[in-house]
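Not measured: the values here are computed from a predicted model.
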Amino acid sequence: MTFEKIGPQHLERKAILYVRQSSAHQVLHNRESSALQYAMRDRLVTLGWSRIETIDEDLGRSAAGGVTRIGFDRMVAEVCLGKVGAVAAREVSRFARNSRDWQQLIEMCRVVDTVLVDQEAVYAPRQGNDRLLLGLKGSLNEYELDLLRQRSLAARYEKARRGELVVTAPVGFVKAGDRIEKDPDRRVQEAITLVFDKVTELGSARQALLWFIEHGLDLPAKRKNGDVEWRRPSYATIHRMVENPIYGGAYAYGKSRTAVGYNGSGMQSRSRRKAREEWLALIPGSHEGYVSWERSEIIRKMVSDNVPTSRHHGAPKHGDALIAGLIRCRRCGRKLTVRYTGAKHDIPRYSCWRGLLDNGEQRCIAFGGLRVDDAIELALLPVLEPGAIAAAVDAEAQAASRRDQIRDALMRDFEAARYAADRAFRQYDAADPQNRLVAAELEGRWNRALARVSKVEARIAAHDASMPRPEAPSLKDLDGLAANLKAVWKDQQTDGRLKKRIVRTLIQEIIADIDKDASEIVLLIHWAGGVHTELRLPRRRKGQRNSPPDDVIAAVRQLVLIANDDLIAGILNRNGLQTGHGNRWTRERVTALRSHHKIPVFRAESDGDALWLNLSQAALHIGVTPKTLRAAVEAGEIEGIHPLPEGPWIFSRNDISGSAAHQLAKRARQNPKYPTGSHPDQQSLFPSAT
C-alpha cells in the first residue's frame, strides 16, 4: 500500500533509517529497543523503498544537543544534497530532542521535499498541517526530556539530603552501598592522619607539604579507576584533604556548580565552588572520619585564615617581625607592611605603604620594629607565665608519648615494599622456567621490587643514624626552664613561627599611630578576650637600638668620679651588664662610651684631697669602720651613692665633713665595743733592738 504523501519522486531516491540510543548502558542492556528500531527497515520496504541505508553511528549519544552526532550530521548532509526521499526512525524523538537540530532537519526536508516516517505515520514537511504537527512533536520531545531530567534530579537531590547518595569516595574511603567507610589499608589511614597532624603542628598546608617533601614521604592518591597509588605530594593534595568535610566524618553534597560559557572556540563548562551555606547537604557525624568534626573545622579555619587578605592575618612566616599581619594603621585602616633593613637584612621596619603603592597617596606612618616587638613581648610574657610550667610539663609528656612519625612512615613503606617483593616472587615462582619470555619479565619485576626494599631499608638506617634518641629532661629542669620563660622566648633556637602563632592566639589586632608632638609610637592592643591596652613608646633615632641602656650610661657617669676606665669595665662585667651589641665590657669600650656621651675621664688628685671618695676612704676620713659607715648610709644618716648592686659606694667629701659625720664618729667612740686607745706615756715591753 502506498500513502498519498509518498510520490514517485520520493521512491526513486534512497531512504535513510536513523538508529540511536542515548547512553552506552541502553545500548548494552536495552536490546529490545534496538531491535525495534532496526525493524523499521521492514516498514520502509512496505512503503516502497528498495534502497535503504541504516545510520547507527550515534548509538550511545544523547540527542539533547550537548554532544556532536556524526550520524545525524551525515544524514542532514545527505538530505541537503537531495539524495534522500525519506528519513525514518522508530519515534521522531530519535532524530533530536532539542529545537535547533529538529527545526534544521524539518527545514531541509521541506526544501528538498523529503518525507519523515515513524512507526505511526508519514509526515510531509511541505504540508502546513504536518509541519505544525512536527513542530509540536519536537517541542513535546524537548519538554519531555527536561521533565525527565527534573524528576531524576529531584530524586537525586532528595537522596542526597538524606545523606544516602554516594557518587565517589575520595582517597582514604571506599564505597559500601549507600555509605562510605574508611579504607582498610592501614598505610593509607596513617598517612592521612599524619597529614592532619602536621598541618595542625606547623600551622599551614604549605609548611606541611614542605615537611613531607623534605623527608621524602609519599601520599596516597586515587586513579580514575579507583585504585590507590603513592606519589609525591602536592599543595592541592593536602589542601583538598583539609577542606573536604568527609575527613571530619561529615557527608557533603552540592559543593560546586557547573557554569557553561563560550571561550572563543566553543562552549565550555567550568566547575565553580559554592559557599558552604549554599551546599545542598552537610551532615556531620554520618560516618567515621580521620579526625573529629570539631578538630577538622578548627584546622580548616586555620588554613583559610592563612590567606593574607584584609580580613585575615596570613600564615606566620620565618621573618623576625613578631606582629607582621597583626598591625594596622590608625589613620587609613590598612595593614602595615614589613620590610627588613640593616647589613644582614634582619632589622624589621613597619610601614604603611599600601596607599602609596595602590593609589599614589602619601605614606601614613613608618617606624622601626625592634622596639615595638620588644614592647609586645614585655606585655605578652606576663600573660603566658602563669601557665608556663604546666605547658612545659605537658609538652614533655607529649614528646615522650609521641612516636617518631618519620620512622613510622618509612616502616609502612618498607612493609608495603616487602609485600610487593613477595608477590613478585610468587608470580616468578609460579611461572614455567622454560618460558623465558614470561620468566625473564617476572624476574625483572622481582629484582626491581627487591631494589625498592633495599632502598627503603637504607633510608630507615640513615634516619636512625641521624636521629639519636635524646635524654628526657627532669621535672626540675622543666620547672626552671618554664620559670625563665623570657630566656626560652629569646633563645635563638626558638621557632619564630611558633612565637607568632602564640601572639596571634592571644592578640586579635594592634592599631598603630605616631604622636609627632610627643615623639612617641602609640600602640593599641586588642587582646583576644576583649581587653584593650595602650602602649606609648618613644621613637628612637637611627642607630639608637644598639646603644647601651640608659641605666648603664648613668652608672658610668657616677663611677668615673672614683674609678678609671679599666676598673669601670670590671664593675660592669661583675654586674652582668653588656654593651648594646651584647658584648662584654673592656677598657676601650668604656672609653668609647665616655667619648660618645661626653663623660669626663677620672683623674686622681695629686695632693690626696679628692672631692669624691669610696667607702674605705670615706670611713678613714670620718674615723669609723667601713661597716659602720655603710650601716649609717643604709639607715639614711649619711648621704652616699651606690650606682650598681655589685659595685662601690661613692661619697662626697663635703657630705662626710658635716655634723652628721661628726655625730656618727662620736657615737662610734662611745660604743663599749669601740677599741680603747693606748696612754701616751705607756712604754713598750719589747723595746726596739735597733
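Note that CG of Leu322 and CG of Asp373 are 5.0 Å apart. Values are rounded to the nearest 0.5 Å. To the nearest 0.5 Å, atom CG of residue Leu523 and atom CD1 of residue Ile323 are 6.5 Å apart. Rounded to the nearest 0.5 angstrom, Ile514 CD1 and Ile365 CD1 are separated by 5.5 Å. From Leu559, atom CG reaches atom CZ of Arg557 across 12.5 Å, with rounding to the nearest 0.5 Å.
Val291 is linked by a side-chain contact (heavy atoms from CB on, under 4.5 Å) to Phe196, Arg295, Ser296, counting only residues two or more places apart in sequence or in another chain. Residues satisfying the side chain to side chain donor-acceptor pair (under 3.5 Å) criterion with Arg161, sequence neighbours excluded, are absent altogether. Applying the side-chain contact (heavy atoms from CB on, under 4.5 Å) criterion to Arg349, with sequence neighbours excluded, gives Arg339, Ser351, Ala366. Scored by the side-chain contact (heavy atoms from CB on, under 4.5 Å) test, Lys175 finds Val166, Ala169 as partners (sequence neighbours excluded). Qualifying side-chain contact (heavy atoms from CB on, under 4.5 Å) partners for Asp218, counting only residues two or more places apart in sequence or in other chains: Trp230. In this structure, Trp353 has no ring-ring contact (aromatic ring centres under 6.0 Å, His included) partners at least two apart in sequence or on a different chain. When the ring-ring contact (aromatic ring centres under 6.0 Å, His included) test is applied to Tyr157, no partner is found at least two apart in sequence or on another chain. For His526, the ring-ring contact (aromatic ring centres under 6.0 Å, His included) test picks out His532, with sequence neighbours left out. Applying the ring-ring contact (aromatic ring centres under 6.0 Å, His included) criterion to His596, with sequence neighbours excluded, gives no partner residue.
In this structure, the side chains of Val167 and Leu165 come closer than 4.5 Å at one or more pairs of heavy atoms. Put simply, the side chain of Leu593 reaches to within 4.5 Å of the side chain of His597, judged on heavy atoms. Inter-residue side-chain proximity for Tyr253 and Arg156 is flagged as met; some heavy-atom pair is nearer than 4.5 Å.
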Self-check item: Test log, rule salt bridge (Lys or Arg N to Asp or Glu O under 4.0 Å), inputs Asp565 and Arg594
Solution: CA-CA 9 Å; Asp565 293 348; Arg594 287 192 306 95; 2.8 Å; yes
Exercise. Any chance you could lay out the side-chain contact (heavy atoms from CB on, under 4.5 Å) test for Leu410 and Leu217, step after step, and finish with the verdict?
Key: CA-CA 8 Å; Leu410 291 176; Leu217 302 179; 4.0 Å; yes
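In the displayed structure, Arg232 atom CZ is contacted under 6.0 Å by at most 12 heavy atoms of other residues, nucleotides or ligands.
Ion pairing between Glu297 and Lys301 fails under the 4.0 Å rule for side-chain N and carboxylate O. Note on Glu534 versus Arg536: salt bridge recorded, some NZ/NE/NH1/NH2 to OD/OE distance being below 4.0 Å. The pair Arg223-Glu229 meets the salt-bridge criterion, since a charged nitrogen lies less than 4.0 angstrom from a carboxylate oxygen.
Judged by distance alone, the side chains of Trp527 and Thr533 do bring a donor and an acceptor atom under 3.5 Å apart.
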Name each donor-acceptor pair under 3.5 Å that joins a side chain in residues 279-290 to protein atoms two or more places apart or in another chain, with its distance.
residue	atom	partner	partner atom	Å
Trp279	NE1	Lys274	O	3.3
Trp279	NE1	Ala275	O	3.4
Ser286	OG	Tyr251	N	3.1
His287	NE2	Ile246	O	2.9
Tyr290	OH	Gly172	O	2.6

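Contacts classified as salt bridge (charged side-chain N to carboxylate O under 4.0 Å, His left out) and involving residues 237-257 (residues at least two apart or in different chains) are given here: Arg257-Glu278. Legend: salt bridge (charged side-chain N to carboxylate O under 4.0 Å, His left out) pairs involving residues 569-586, not counting sequence neighbours: none detected.
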